[in-house]
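Heads up, the thing below is written out as structure tokens.
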Amino acid sequence: MQLIDTHTHFYLPEFDNDRDEVVERAIDNHVVKLLMPNIDIYSVDAMIAVENRYSGICYSMIGLHPTSVKKDYLEQLDKMEEKASQHPYIAIGEIGIDLYWDKTFIKEQIIAFKRQILLGLNYKLPVVIHSRDSFPVVFEALKEFEDSGIKGVFHAFTGDVEWAEKAIMMGFKIGIGGIVTFKNSGLDAVVKKIGIEHIILETDSPYLAPAPYRGKRNESAYITIINKKLAEIFNIEIEEAASKTFDNSVELFKIPANE
Ligand SMILES: [Zn+2]
């Protein structure tokens, strides 16, 4: 059995004291690849260092997170584009629109989102979308890319079936994480309707730990908990759930196979 954590901020200081052990626990739990979304220009060096240390396991993305879109965002985007030309990345991410934390820079968030989608299309890379309290704005922005061949994932998806179907129609996968294990999240019913062929797994660690670790530091090994929940929802064996989401992830991100 092989699993992939398609979204972990594993380069953050939360893992500085025990990074080797976290990777060991991931491998022990069949989590063989860790995909790392970037946050801003200041997180790139730490991310690349982790990718180099765990080469063949950890893969980096490049992008400016919507909550990091501030006054200096054009400067940040210039630097992102420069970085994108200097190193191979597995995706553009994470990008998108977040109106939950702060609406001050909504215009700038939309501009940054579209510019980074173009970057993804340029490099033929999937885009990893963060959408919080913002589906109408995100889909409005996506309209002009309808026939562009855009591919990607709506990460940490918590919307309803209608939004999921819109995303899938446009060429996106649905990223499911710890929230699906929370009682009363209602996400299990949505996941069942979405269908496993459109789903990939993620932790978003160190955030959003699944039950029974809710509120604690999350880590990639817990993908196994999310996979188990998925198997329950679809009433299939955990090996079958793992193999389906593994294939979905490899196809989307073109992840190199293990030698
Ligand atoms: Zn994230």
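Both counts, for ligands and for their atoms, begin at 1 and track the order of listing.
Between Glu81 and Arg115 there is a salt bridge, since a side-chain N of the basic residue sits under 4.0 Å from a carboxylate O of the acidic one. Between Asp247 and Lys244, none of the side-chain N atoms (NZ, or NE/NH1/NH2) sits under 4.0 Å from a carboxylate O, so this pair counts as no salt bridge. A salt bridge between Glu219 and Arg217 is present, with a side-chain N of the basic residue lying under 4.0 Å from a carboxylate O of the acidic one.
At a threshold of 4.5 Å between non-hydrogen side-chain atoms, the residues Phe172 and Val127 count as touching.
For Lys33 and Tyr59, the positive end is not near the middle of the six-membered ring at less than 6.0 Å and at most 45° from its axis.
Outside the 6.0 Å centre-distance limit, the rings of His155 and Phe157 are not counted as a close aromatic pair.
Around the Zn ion (ligand 1), the protein N, O or S atoms closer than 2.8 Å are His7 NE2, His9 NE2, Glu94 OE2, Asp204 OD1, listed by chain and residue number.
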